[in-house]
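Below is one structure, written out as structure tokens, with a few remarks after it.
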Amino acid sequence: MYIVRRLLWMIPTFLGVVTITFFLTKLRPDPVAQQGLNPEAMSDTSMSAQYIEQQRQYYGYDKPVAVQYLMMLKNLVTFNFSTSRVDHRPVLDKILEALPYTLTLNVVTIFIVYLISVPLGVYSAVRDRSRMDLIVTFFLYVLYSLPEFWIALFLLRYLAGGDYLDIFPLGGFVSDSFEDFSFLAQAGDIVWHLALPVLISVYGSFAFLSRFVKSSFMEALRADYTRTARAKGLSRRSVLYVHAFRNSLIPLVTLMAGLLPGLFGGSVIVEQIFSIPGMGKLAYDSIYANDDPVIIAIVFFSALLTMIGILLADIAYTIADPRIRLEGESQP
Amino acid sequence: MKFLTGLHKMSAPALTGIFFVVLISVFADFLASPLPVFVFHNSSGQQLPASPLFDSVFKKGRQPYENLPFRDLAREGKIRAIFPLVAYSPYEPSLNEILIPPSGGRFGHYMGTDNLGRDVASRMIHGARNSIFVGFIAVGIALILGVLIGSIAGYAGGWIDLLLSRLIEVVIVFPTLILIMAVLALLKPSLINIMVVIGLTGWTGIARTVRGEFLRRREDDYVVAARLFGASHFRLIFVHILPNSMAPVLVLAAFGIAGAVLTESALSFLGIGVPAPEPSWGDVLKVAQSYPDIAWWLAFFPGLFIFLTVVSLNILGEDLRRILSPR
């Protein structure tokens with residue numbers, strides 16, 4: 001019952017997001033979309049007036065904005081995402097083409113972030129305010145504050161390209177001759193191309209996650225059940241890693257769900273620097289080409305996944321910790 | 001201000017760093033300018049204003065010496081003058097000084113020059129102004145929006161809360177950088193637009209925190225007491241509950257400024273930040289991208305400035321959090 005209500009509450013939020021996107025794309029002056037188009041002024045460019053008229057009719061720009069808005073809503077509800085205005089390919093195809101790159105990059109990134117942050121956070125919690133904890137915390141904040149585009153410039157200069165060390169490729173996702181490689185060589189090629197982008201995406205996230213782990217672990221250490229376990233005479237190891245650690249994992253589960261939209265959206269900056277043709281680059285290119293069917297579709301999916309992520313987090317929370325009830329205060 | 005006494009060791013250098021950057025941005029005109037601070041004498045007997053720089057800053061449009069080549073005159077010994085720390089303008093291109101590495105001495109390019117022969121040190125100093133302004137104003141906008149919406153939602157509850165929570169959710173759910181890029185594509189990038197856009201997308205965390213605080217405190221004894229004495233809603237919100245809820249907001253603001261500075265430089269780096277001739281740290285980095293092998297100074301200095309500013313703000317935010325957290 002609760003989930004149904006939550007799902008229903010997603011509708012107005014969703015409508016808001018889509019409406020904002022629609023008007024953002026609609027408000028821009030655009031030769032094809034503009035209502036008061038002057039065919040004479042366009043004749044000297046490569047676009048003929050007839051072609052423009054055809055395009056306007058195809059994308060419905062000749063209709064009033066209100067009608068266009070309703071058309072877009074209808075299309076979204078029926079999962080019909082139209083075609084790109086730049087290359088006239090189905091929007092869904094373009095997204096499905098970009099998605100694997102972003103997914104691979106982000107799944108690897110998140111895996112490494114968790115692999116390193118969780119032990120760091122636990123360590124910091126157990127040795128709270130020790131010298132080592134302070135050093136680790138400080139160091140993580142330094143990493144967190146290093147602009148990724150700055151580090152990327154230096155990594156590319158010194159580790160890729162050739163002038164200094166030619167260890168990694170300058171960009172892209174696979175080599176040109178990727179198709180001819182054996183399976184192992186293909187996997188190796190992807191790892192080789194992913195190394196620098198993953199390094200850039202990873203280092204800034206350690207601070208946030210390990211702080212998160214630390215605070216939830218410390219909360220677990222202070223909890224009554226931990227004190228009871230200790231009073232029972234259980235070993236320190238057992239208290240720390242069985243009782244406290246398992247309970248401190250609960251918030252981590254919820255955080256996982258929050259990662260869903262990031263998995264899809266990708267990082268505009270990393271993809272731009274390393275010329276990875278993923279979702280971030282697609283979004284960037286579409287915005288500057290005023291390719292509104294693509295923009296709307298990206299925002300649509302992104303928002304959908306974010307909301308599903310939030311919902312999953314809430315549900316995961318109740319499953320992991322039955323003391324929390326969904327009704328009442330946890331209202332979104 | 002009691003909490004300031006408890007600041008962590010790292011906060012002193014962090015605060016100093018922030019103070020330093022703010023100082024640079026406030027006095028940018030006096031730190032980097034082709035106009036001398038003071039001209040002592042002039043061998044050709046012409047009357048010169050005593051301080052062209054002060055005139056140009058304080059009496060805009062009334063100085064006849066704007067285009068005088070003071071640097072060359074001083075170099076040739078025709079005038080004796082005191083110049084600012086960096087004797088170059090952030091805009092002035094120079095065709096025969098393209099991509100010069102850092103050099104010291106009088107009239108040296110302390111941080112080199114860029115692809116148009118503009119002095120990087122001067123662009124950094126004037127860029128500090130843009131970057132810091134964007135950070136502060138954007139967070140200012142986010143603070144106003146977040147506190148207002150959060151407090152009303154938390155105080156009123158009921159359907160108003162439900163409605164405002166929907167609004168908060170819309171902005172959270174929207175992919176931030178896409179929203180920023182779309183708005184900038186629509187409005188054309190300018191300093192003000194960038195501030196407003198970053199502010200408009202950055203208030204949700206503050207709003208949620210304030211809302212939570214209000215939900216927690218609106219039935220507190222002191223609030224009930226004030227209500228019984230007939231305090232208005234406005235008074236209850238802004239005089240009684242809000243001051244008690246500001247501590248976590250302060251922490252978010254510190255992190256917010258750091259985030260805004262990073263966002264602005266990322267936008268400039270992508271080429272959609274502060275428009276062309278205006279200097280900004282991210283803009284210098286963007287130029288560096290085109291000359292990775294020949295001009296290390298173009299990448300090194302702006303990145304260092306961004307990093308030091310952001311890390312100072314983050315350390316400050318972290319310390320504020322540590323001090324203000326109840327345990």
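Chain letters run A, B, ... following the sequence lines, proteins first, then strands; residues in each count from 1.
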In terms of heavy-atom proximity below 4.5 Å to chain B, should Thr21(A) be classed as side chain, backbone, both, or neither? both
When the 4.5 angstrom heavy-atom criterion is applied to Tyr288(A) and chain B, the contacting part is side chain
Closest non-hydrogen contact found for Leu285(B) with Trp150(A) is CD2-CD1, 3.6 Å
Between chain A and each of Ile272(B), Leu177(B), Leu313(B), Leu308(B), count heavy-atom pairs under 4.5 Å; write down the option with the most. Ile272(B)
Could you check Met181(B) against Val268(A) for side-chain contact (heavy atoms from CB on, under 4.5 Å), going step by step and ending with a plain yes or no? CA-CA 10 Å; Met181(B) 289 194 304; Val268(A) 178; 4.2 Å; yes
Identify which part of Ile298(A) has an atom lying under 4.5 Å from any heavy atom of chain B, answering side chain, backbone, both or neither. side chain
With only heavy atoms counted, which part of Leu153(A) is less than 4.5 Å from chain B, the side chain, the backbone, both or neither? side chain
Count the heavy-atom pairs under 4.5 Å between each of Leu186(B), Val310(B), Ile172(B), Leu167(B) and chain A, then report the option with the highest count. Leu186(B)
Would one find more than 12 heavy atoms of other residues, nucleotides or ligands at under 6.0 Å from atom OH of Tyr144(A)? no
Pull out the residues in residues 253-261 of chain B that come under 4.5 Å of chain A, heavy atom to heavy atom, sorted by number. Phe255(B)
Measuring heavy-atom distances to chain A, does Leu304(B) have an atom under 4.5 Å in its side chain, in its backbone, in both, or in neither? both
Among the listed options Ala185(B), Gly282(B), Pro175(B), Pro302(B), the residue most often paired with chain A at heavy-atom distances under 4.5 Å: Ala185(B)
Identify the heavy atoms of Tyr284(A) and Leu270(B) that sit nearest to each other, and give their distance. OH-O, 3.0 Å
Does Phe139(A) have more than 12 heavy atoms from other residues, nucleotides or ligands lying within 6.0 Å of its CZ? no
So what's closer than 4.5 Å to chain A heavy atoms on Ser265(B): side chain, backbone, both or neither? both
Are more than 12 heavy atoms, taken from residues, nucleotides or ligands other than Arg211(A), located less than 6.0 Å from that residue's CZ atom? yes
Are Phe269(B) and Ile273(A) close enough, and set up right, to give a side-chain contact (heavy atoms from CB on, under 4.5 Å), and what steps lead you there? CA-CA 10 Å; Phe269(B) 181 76; Ile273(A) 293 174; 3.8 Å; yes
Mark yes when over 12 heavy atoms from residues, nucleotides or ligands other than Ile192(B) sit less than 6.0 Å from its CD1; otherwise mark no. no
Nearest heavy-atom neighbours spanning Phe149(A) and Ile306(B): CE1-CD1, 4.3 Å
Identify the heavy atoms of Leu262(B) and Pro147(A) that sit nearest to each other, and give their distance. CD2-CB, 3.9 Å
Mind checking the CG-CD1 spacing from Leu184(B) to Ile287(A)? Nearest 0.5 Å is all I need. 9.5 Å
Walk me through it: do Trp9(A) and Arg166(B) pass the test side-chain contact (heavy atoms from CB on, under 4.5 Å)? CA-CA 8 Å; Trp9(A) 270 118; Arg166(B) 243 17 61 186; 3.6 Å; yes
Which heavy atom in Ile315(B) sits nearest to a heavy atom in Phe138(A), and how many Å separate them? CD1-CE1, 3.5 Å
Taking all atoms of both residues into account, what is the closest heavy-atom pair of Val170(B) and Gly16(A), and its distance? CG1-C, 4.1 Å
Which atoms of Ile178(B) come close to chain A, meaning under 4.5 Å heavy atom to heavy atom: side chain ones, backbone ones, both, or neither? both
Counting C-beta onward and ignoring hydrogens, is there a side-chain heavy-atom pair between Leu24(A) and Leu179(B) closer than 4.5 Å? yes
Can you list the steps and then say if Phe154(A) with Phe300(B) is a side-chain contact (heavy atoms from CB on, under 4.5 Å)? CA-CA 9 Å; Phe154(A) 278 99; Phe300(B) 180 73; 4.0 Å; yes
CE-CD distance between Met307(A) and Glu169(B), expressed to the nearest 0.5 angstrom: 7.0 Å
Can you tell me how far apart CZ (Arg157(A)) and CD (Gln289(B)) are? Round to the nearest 0.5 Å. 14.0 Å
